[in-house]
There are 2 protein chains.
Amino acid sequence: MQTVTLRDVAQAAGVSPATASRVLSGNPATSAVAREKVQAAAAQLGFSPNAQARSLRSTRTDSIALLISDVRNPYFADLAHSVELAARELGLVTFIGNANEDPEQQDEFLGAMLSRRVDGVLAVPQGLGDASHATATPALERLLARRIPTVLVDRTLPEVPALSVTAESTQAVHDAVGALHELGHRRIAVIGGPEHTSTAQERYASYAAALQAHGLPLDERLIFHGDFRSATGAEGARWLLDLRQDPETCPTAVLIADSPMAIGALAVLREAGVRVGTDLSVVTFDEIEAFALHDPPLSTISHDVGAMGRLAVEALASLLNGEAAVSAETAGAAVGSSVLRSEFTLRGSIGPAPGAPTAAPTPTPTTVKTTPPGPPPAT
Amino acid sequence: MQTVTLRDVAQAAGVSPATASRVLSGNPATSAVAREKVQAAAAQLGFSPNAQARSLRSTRTDSIALLISDVRNPYFADLAHSVELAARELGLVTFIGNANEDPEQQDEFLGAMLSRRVDGVLAVPQGLGDASHATATPALERLLARRIPTVLVDRTLPEVPALSVTAESTQAVHDAVGALHELGHRRIAVIGGPEHTSTAQERYASYAAALQAHGLPLDERLIFHGDFRSATGAEGARWLLDLRQDPETCPTAVLIADSPMAIGALAVLREAGVRVGTDLSVVTFDEIEAFALHDPPLSTISHDVGAMGRLAVEALASLLNGEAAVSAETAGAAVGSSVLRSEFTLRGSIGPAPGAPTAAPTPTPTTVKTTPPGPPPAT
DNA sequence: TTGTACGCGTTATCAT
DNA sequence: ATGATAACGCGTACAA
């Protein structure tokens, strides 16, 4: 691991370290001769600049960190992909870190990135409070205290003043519940996310609002709290099967708050012989490629993850350029956040409610976009 | 972004920078008083050591890089997860990078990691040769030239002497083809991977060997070359549908070389009304959670990704400790590599060949493990 | 046990 | 256009 330094290159090229540095970092104040000699020497010696030393002087590292909450969730994989692409466009390298839905792991990664002086951070944050209003973890606090350009993505922490890019689903859930209602569904269950995340909260709230708007009662017994991972989706499905034993509470439809839970739940339902779209209508949040495996096609509530990633990078870039320094001053909660709108897509996993008295003919609600399933285009 | 330095901490604690440094890096030569004062000051000021400066002197960074070829491939997401866990166990932070199946993007990431002086690198490598024997990209070459501890995971590059952890599937494919053969299948198609990857090569070779072992002819017309991504899986399925028009070449079964291609292909097949397991038997490589969405359950050829990740981290750790320095000396090809064995799992996506004369009763091959489908346990 | 001084590899500044 | 020199933040040999 003998290190080739700038001095070595300079010496080999017969110039001073300063000149070598200028050539290699594209400083225009160089002669053609010097340029050639230095570049040849660098190539010959296999020189790669020591970024540590470099950014020790220049403070820029041309890299950002992306903290996601679960690598194995396809939704976040998609997010990572779009962030990386957008960042690359701007000449930034992205370091992906996985919090694994664990505040400690989040802080380890953030700490490491903090030490490495990344130019900025994109984070799907883990909060710290057990209950309703989660606060920032220590590393996150330091990040903000140090005024390191930071943008929260997908989720927010209510008490943390930071730029954010999120999605909201009130209208979409309203549409979904409306479609179900028209088909005769009256008891719509939810397999939801962990209550300490803003996304889960938002989805519960949209659900409650939609029920009310359609004149349906909110029944706490129809709500299952999962953790956004497949195992609890499966649990939720078993809970649902139990619920269906009792004709009084028996739900005829279910909303599932993310794709891993949907995968877990649908596997259990199929094993139990429940026919999706006939015995039970299903709407799931997020839209991932693997949903193409399911028959009937799944009705979804989703937003454009690619757009979310790009927006987040844009927001971060503007912070990096010091543009939005003002908004960082703004006290209070959400600071200059962008919100994407989710959309409801009606597909075959929704059908007439089993016990309903001759439901409406065919489900053709006009407010709702109907997209054919099938493999999405390549990128 | 005012930086809190060690000097600031020292000053606040009323000691010299040296003492502060000693305290914060756990040097035993410190007094209890100093320790307390320094730690208090550090906490108070929110000091986080500048890793750049630190490793400029000390060379260890307690971090490794993991380069994967496609974040959106669930198989690699699983790999990333297991690597991260194993590394964490050893006190190492993992930086995940995405090559996106693109040598250039690989080199950008590797270059950045090289500059950041990670202690070691785990890589699912992109090769450079267009055809049969791919060689290392420039960044990969430098990595090895600099003798930075490196382990190739999942794939190898034939010409690159490096430790590797891979899987092999000869026996598993033999079992799969055997099961199909018993059920009367004679024309088994393949939707394979890009020929420049070692995994795709290995799978083609296993396929050819298995055909021969079961007395079936190798027909080039039954082989489709994809690129491990879903779009080409869909293409492959369309190609397969065409092939089925001609009764002479019509395949009754297909092997798909990875899960994204399987997702793409199965969506097309379903849309075309082809009944998997009845009209067409399907075996797919890799085993991902989302496969639980498919009915009938998919027969798979897969290995333990978790184990692969752990093995890779172990191998890297031994290099970090200088243990395997010897093997790095060994000239020639594969150096001290581990190879995992894939297994075939028979499930409902396989059935009797449509045109076959009263096939064997029920498929109960003794050499084959039969696992019920369903959601895997949580982690 | 503690402080002083130097160097890690690079770039910015100031001369020339 | 180029070179000498200082400084980035930290660890450590050496002296005290």
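A note on names: the letters A, B, ... follow the listed sequences, proteins ahead of strands, and every chain is numbered from 1.
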**Student:** Starting at atom CZ of B/R7, determine the distance to atom C1' of D/dA7, rounded to an integer number of angstrom.
**Tutor:**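 Result: 11 Å.
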**Student:** Name the closest nucleotide to the B/P49 side chain, picking from D/dC10, C/dT1, C/dG3.
**Tutor:**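 Closest nucleotide among those given: D/dC10.
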**Student:** Distance check needed: D/dG3 P versus A/Q11 CD, whole Å only.
**Tutor:**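 Rounded to the whole Å, the gap is 13 Å.
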**Student:** Take atom CZ of A/R22 and atom P of D/dA1, then tell me their distance rounded to the nearest Å.
**Tutor:**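 For the pair A/R22 CZ and D/dA1 P, the rounded distance is 10 Å.
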**Student:** Nearest whole angstrom, please: distance from the C1' of C/dT1 to the CD of B/E36.
**Tutor:**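 Atom-to-atom, B/E36 to C/dT1, this comes out as 17 Å.
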**Student:** Is B/T19 touching bases, backbone alone, or none of the nucleic acid, heavy atoms closer than 4.0 Å?
**Tutor:**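 Sugar-phosphate contact only.
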**Student:** Between P on D/dG9 and CZ on A/R116, what's the gap in Å once rounded to a whole number?
**Tutor:**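 Rounded to whole Å, this separation is 18 Å.
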**Student:** Looking only at the side chains, is there a donor atom on one of B/S48 and A/R146 sitting less than 3.5 Å from an acceptor on the other?
**Tutor:**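 There is such a pair (donor and acceptor under 3.5 Å, judged by atom type) between the side chains of B/S48 and A/R146.
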**Student:** Hey, does the side chain of A/S21 come within less than 4.0 Å of C/dG9's phosphate (OP1/OP2), counting only N and O?
**Tutor:**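 Indeed not, no polar side-chain atom of A/S21 lies that close.
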**Student:** How about A/T30 and A/R35: does a side-chain donor come under 3.5 Å of a side-chain acceptor?
**Tutor:**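 Yes, a side-chain donor-acceptor pair sits under 3.5 Å.
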**Student:** Rounded to the nearest 0.5 Å, what separation is found between the CG atom of A/L157 and the CG atom of A/L152?
**Tutor:**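 Atom-to-atom, A/L157:CG and A/L152:CG are 6.0 Å apart.
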**Student:** Counting side-chain heavy atoms from CB outward, which of C/dT2, D/dG3, D/dC10 is closest to B/A29?
**Tutor:**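 The closest nucleotide is C/dT2.
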**Student:** Can you find an N or O donor on one side and an acceptor on the other, under 3.5 Å apart, linking the side chain of A/R117 with the base of D/dG9?
**Tutor:**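 Checked by distance alone, the answer is no.
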**Student:** Send over the distance from B/N27 CG to D/dC10 C1', rounded to a whole Å.
**Tutor:**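 These atoms are roughly 14 Å apart.
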**Student:** Will you find, in the side chains of A/T137 and A/Q126, an N or O donor that is under 3.5 Å from an N or O acceptor?
**Tutor:**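 Side-chain D/A pair, A/T137 to A/Q126: absent.
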**Student:** Students often get this wrong, so: under 4.0 angstrom with heavy atoms, is A/T30 touching a base, only sugar-phosphate, or nothing?
**Tutor:**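 Sugar-phosphate only.
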**Student:** Tell me which nucleotide among D/dA4, D/dT12, D/dA1 gets nearest to the side chain of B/A18.
**Tutor:**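 Of all the options, the side chain of B/A18 is nearest to D/dT12.
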**Student:** Just to confirm, is there a sub-4.0 Å distance from OP1 or OP2 of D/dG3 to any side-chain nitrogen or oxygen of A/S16?
**Tutor:**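 Affirmative; the distance criterion is met.
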**Student:** Using a 4.0 Å heavy-atom cut-off, does A/L6 contact any base of the nucleic acid, only the sugar-phosphate backbone, or nothing at all?
**Tutor:**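 Base, at least one base heavy atom under 4.0 Å.
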**Student:** A/F47 CZ to C/dG9 P: how many Å, rounded?
**Tutor:**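 So the CZ-P distance, A/F47 to C/dG9, works out to 10 Å.
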**Student:** Any carboxylate oxygen within less than 4.0 angstrom of a Lys/Arg side-chain nitrogen, looking at A/E84 and A/R310?
**Tutor:**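 Result for this pair is no, no salt bridge flagged.
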**Student:** Provide, to the nearest angstrom, the distance between the CG atom belonging to B/N50 and the P atom belonging to C/dG9.
**Tutor:**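 Rounded to the whole Å, the gap is 16 Å.
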**Student:** Looking at A/R54, does any N or O in its side chain come under 4.0 Å of the phosphate oxygens OP1/OP2 on C/dT11?
**Tutor:**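 So the side chain of A/R54 is within the cut-off, an N or O lying under 4.0 Å from OP1 or OP2 of C/dT11.
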**Student:** State which of D/dA4, C/dG3, D/dC10 makes the closest approach to the side chain of B/A53.
**Tutor:**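 Output: D/dC10.
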**Student:** B/P17 near the nucleic acid: base, sugar-phosphate alone, or nothing, with a heavy-atom cut-off under 4.0 Å?
**Tutor:**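 The residue B/P17 makes no contact with any strand.
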**Student:** Side chain of A/S25 only, heavy atoms from C-beta on: which candidate in C/dT11, D/dG3, C/dG3 is closest?
**Tutor:**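 Comparing C/dT11, D/dG3, C/dG3 against the side chain of A/S25, the answer is C/dT11.
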**Student:** Could you tell me whether B/E108 atom CD has more than 12 heavy atoms of other residues or ligands within 6.0 Å of it?
**Tutor:**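 Yes.
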**Student:** Taking N and O atoms by type only, does the side chain of A/R57 place a donor or acceptor under 3.5 Å from a partner on the base of C/dT11?
**Tutor:**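 Yes.
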